[in-house]
Student: 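Take this structure, written in structure tokens, and hold onto it; I'll ask about it next.
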Number of protein chains: 2
Amino acid sequence: MEDLLQKQGLKRTKLRMALLGYLFNSKHAQSYLDIKNALGEQVDKSTLYRNLGAFEEAGLIHRINDQSGMAKYAFGALHDHGNAHAHFVCESCETVYCIENANSSKINVPEGFKTKNVQTIIKGTCAAC
Amino acid sequence: MEDLLQKQGLKRTKLRMALLGYLFNSKHAQSYLDIKNALGEQVDKSTLYRNLGAFEEAGLIHRINDQSGMAKYAFGALHDHGNAHAHFVCESCETVYCIENANSSKINVPEGFKTKNVQTIIKGTCAAC
DNA sequence: AATGTAAATGCAACTAAGTTGCATTTACAA
DNA sequence: TTGTAAATGCAACTTAGTTGCATTTACATT
């Protein structure tokens, strides 16, 4: 687990271990505030944001922008790398679920357009609501 | 054209006519700044945002969140209402294109989940770049 | 184990998108 | 023409996220 950090050339600091572990164990995507509350009030804002950025760049996690104006983060080393990715946003409880096998394969882009990456946001109501 | 405003119970003010006309004539989605530059520096920030909100609520336009952290707006009375909608974001020129017929129909959500609305962001390179 | 150093942290100050409260003005119906 | 609810303009606010910089720490090298 923590080897992931070293493998990416990231030093294994206490915060990074806790952050990666927390996201790994989270069933859903977490916002900055969720994370801060989970890890303890004392964690520094910029350090946390910088680490989220570093993790994302390293491909350890991915960032989801569910139109709420607040990014959410999910562990993503195991997920598809850089290809199609779908997220379900519950309009009632605001939970963001990662949808694994959403065949959003057939997307027709106009002539001359090159698709690199597809992100789908599905809005609706989740099973819990 | 301006009848659209009346039809939605929105008063036909100068700014609203200009705003709706501008978005109608725009080939691509426009950010707040794009709009402000187009309509003139003197337009008021809150008035503009409030009108964008009102138009969106009335279904005249739709808002796109392309992960840039800055919403973009596109005329959308003619588009599909509330159903699947895809947008192509060019990573080079940042232009946001509305993709009309993207059959992202087959999306498998888990048991008990109810899909209401699907927004797809396709990232890549556009024909112009 | 001691040490050098690049990377990571903590803090405070900043940026910028978007919102809110309120007094004034305006579209439009009566 | 007039009454009024809606729209505007302004300033002040909120908040997610960033930046600059001095201090500290992980870890490789000797």
Side-chain angles (χ1 to χ4, degrees), chain A residues 1-23 29-58 60-74 89 94 96, chain B residues 1-22 29-58 60-73 89 94 96:
Chain A
M1 238 298 268
E2 297 103 28
D3 317 348
L4 288 173
L5 290 174
Q6 299 209 94
K7 234 174 233 172
Q8 302 294 335
L10 296 168
K11 291 185 180 165
R12 304 188 313 146
T13 68
K14 223 179 265 182
L15 177 68
R16 282 180 175 172
M17 315 266 270
L19 174 56
L20 192 59
Y22 175 65
L23 289 178
Q30 307 290 319
S31 70
Y32 159 74
L33 280 178
D34 296 332
I35 298 168
K36 174 166 185 151
N37 288 337
L39 299 190
E41 280 302 324
Q42 79 289 352
V43 310
D44 182 67
K45 189 162 57 153
S46 36
T47 303
L48 189 42
Y49 273 116
R50 277 193 275 237
N51 280 323
L52 287 168
F55 284 10
E56 195 196 2
E57 201 160 336
L60 295 174
I61 66 174
H62 58 105
R63 183 198 311 234
I64 305 150
N65 225 320
D66 62 352
Q67 338 269 85
S68 74
M70 214 162 113
K72 292 190 176 153
Y73 305 86
V89 183
E94 305 243 300
V96 175
Chain B
M1 235 300 267
E2 296 105 27
D3 317 347
L4 288 173
L5 289 175
Q6 300 209 94
K7 233 174 232 172
Q8 301 296 333
L10 296 169
K11 291 186 179 163
R12 303 189 315 145
T13 68
K14 222 180 265 184
L15 177 67
R16 281 179 175 172
M17 315 266 268
L19 174 56
L20 194 58
Y22 174 66
Q30 307 290 318
S31 71
Y32 159 74
L33 280 178
D34 295 333
I35 297 168
K36 175 168 185 149
N37 288 337
L39 300 189
E41 280 301 324
Q42 79 289 353
V43 311
D44 182 65
K45 189 161 55 153
S46 36
T47 303
L48 188 41
Y49 273 116
R50 277 192 275 236
N51 280 322
L52 288 168
F55 284 11
E56 196 197 0
E57 201 161 336
L60 294 174
I61 65 174
H62 59 104
R63 183 198 312 235
I64 306 150
N65 225 321
D66 62 352
Q67 337 271 83
S68 75
M70 213 162 114
K72 290 188 176 156
Y73 305 86
V89 182
E94 304 243 301
V96 174

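Keep in mind that this is a model prediction, so the values were computed, not measured. Naming: A, B, ... by sequence-line order, numbering from 1 per chain. What's counted below: heavy atoms across the whole structure, side chains too, no hydrogens, waters or symmetry copies.
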Student: Are any protein N/O atoms closer than 3.5 Å to N/O atoms in nucleotides 25-30 of chain C? If there are, list each pair with its distance.
Tutor:
{"residue": "C/dC28", "atom": "OP1", "partner": "B/R12", "partner atom": "N", "Å": "3.0"}

Student: For DNA chain C, find the residues of residues 35-47 of chain B with a heavy-atom distance under 4.0 Å and give them by number; none if there aren't any.
Tutor: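 Listed by number, they are B/K45, B/S46.
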
Student: Roughly how far, to the nearest 0.5 Å, is OH of A/Y49 from CD1 of A/I35?
Tutor: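 The OH atom of A/Y49 is 9.0 Å from CD1 of A/I35, to the nearest 0.5 Å.
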
Student: Looking at every strand, decide which applies to B/A54 at a 4.0 Å heavy-atom threshold: base, sugar-phosphate, or nothing.
Tutor: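 If one applies the 4.0 Å heavy-atom cut-off, B/A54 turns out to touch nothing in the nucleic acid.
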
Student: Rounded to the nearest 0.5 Å, what separation is found between the CE atom of B/M17 and the CG atom of B/L15?
Tutor: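 Between atom CE of B/M17 and atom CG of B/L15 there are 11.0 Å.
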
Student: If we only count heavy atoms from C-beta on, is the A/L19 to A/L52 side-chain gap below 4.5 Å?
Tutor: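 A side-chain contact under 4.5 Å exists here.
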
Student: Nearest 0.5 Å, please: how far is OH in A/Y73 from CG in A/L23?
Tutor: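 Reported to 0.5 Å precision, the distance equals 10.0 Å.
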
Student: Provide, to the nearest angstrom, the distance between the CG atom belonging to B/D34 and the P atom belonging to C/dG18.
Tutor: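 These atoms are roughly 12 Å apart.
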
Student: Given atom CG of B/L33 and atom P of C/dT15, what is their separation to the nearest angstrom?
Tutor: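 It is 16 Å, rounded to the nearest whole Å.
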
Student: Looking at A/E57, I want to see if its CD is surrounded by more than 12 non-hydrogen atoms of other residues, nucleotides or ligands under 6.0 Å.
Tutor: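 Open: at most 12 neighbouring heavy atoms sit under 6.0 Å from CD of A/E57.
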
Student: Not counting sequence neighbours, which residues clear side chain to side chain donor-acceptor pair (under 3.5 Å) with B/N51? List them please.
Tutor: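 So B/N51 forms a side chain to side chain donor-acceptor pair (under 3.5 Å) with B/R16.
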
Student: Is a donor-acceptor contact shorter than 3.5 angstrom present between the side chain of B/R50 and the base of D/dG9?
Tutor: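 Side chain to base: pair found, below 3.5 Å.
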
Student: Who pairs with B/E56 by side chain to side chain donor-acceptor pair (under 3.5 Å), at least two apart in sequence or on another chain?
Tutor: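 Once residues adjacent in sequence are excluded, the partners of B/E56 under the side chain to side chain donor-acceptor pair (under 3.5 Å) criterion are B/R63.
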
Student: Which value, rounded to the nearest 0.5 Å, describes the distance between A/L39 atom CG and A/D44 atom CG?
Tutor: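 A/L39 CG to A/D44 CG: 12.5 Å, rounded to 0.5 Å.
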
Student: Rounded to whole angstrom units, what separation is found between the OH atom of B/Y49 and the P atom of D/dT14?
Tutor: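 Checked: the OH to P distance equals 18 Å.
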
Student: What's the CE-C1' distance between A/M70 and D/dT15, to the nearest Å?
Tutor: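 From A/M70 CE to D/dT15 C1': 10 Å.
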
Student: Could you tell me how far apart A/N51 (CG) and C/dG10 (C1') are, to the nearest whole angstrom?
Tutor: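 Taking atom C1' of C/dG10 as the reference, CG of A/N51 is at 12 Å.
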
Student: When you compare the side chain of B/L5 with that of B/L60, does any pair of heavy atoms fall below 4.5 Å?
Tutor: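 They are in contact (side-chain heavy atoms under 4.5 Å apart), so the answer is yes.
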
Student: Nearest whole Å is fine: how far is D/dA7 C1' from B/M17 CE?
Tutor: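 Roughly 14 Å, once rounded to whole Å.
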
Student: Axis-to-axis angle across the helix from C/dA1-D/dT30 to C/dA30-D/dT1, five pairs an end, to 10 degrees?
Tutor: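 Comparing the first five pairs with the last five, the axes sit 30° apart.
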
Student: With sequence neighbours left out, what residues match A/S31 under side chain to side chain donor-acceptor pair (under 3.5 Å)?
Tutor: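 Side chain to side chain donor-acceptor pair (under 3.5 Å) check on A/S31 returns A/D34.
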
Student: Is there a side-chain contact between A/K72 and A/Q30 (heavy atoms, below 4.5 Å)?
Tutor: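 A/K72 vs A/Q30: side chains apart.
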
Student: For the pair made of CD in A/Q8 and P in D/dA26, what is the distance, rounded to whole Å?
Tutor: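 In whole Å, D/dA26 P lies 20 Å from A/Q8 CD.
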
Student: Identify which nucleotide among C/dC22, D/dG17, C/dG18 has an atom closest to any side-chain atom of A/Y32, counting heavy atoms from C-beta outward.
Tutor: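 Comparing C/dC22, D/dG17, C/dG18 against the side chain of A/Y32, the answer is D/dG17.
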
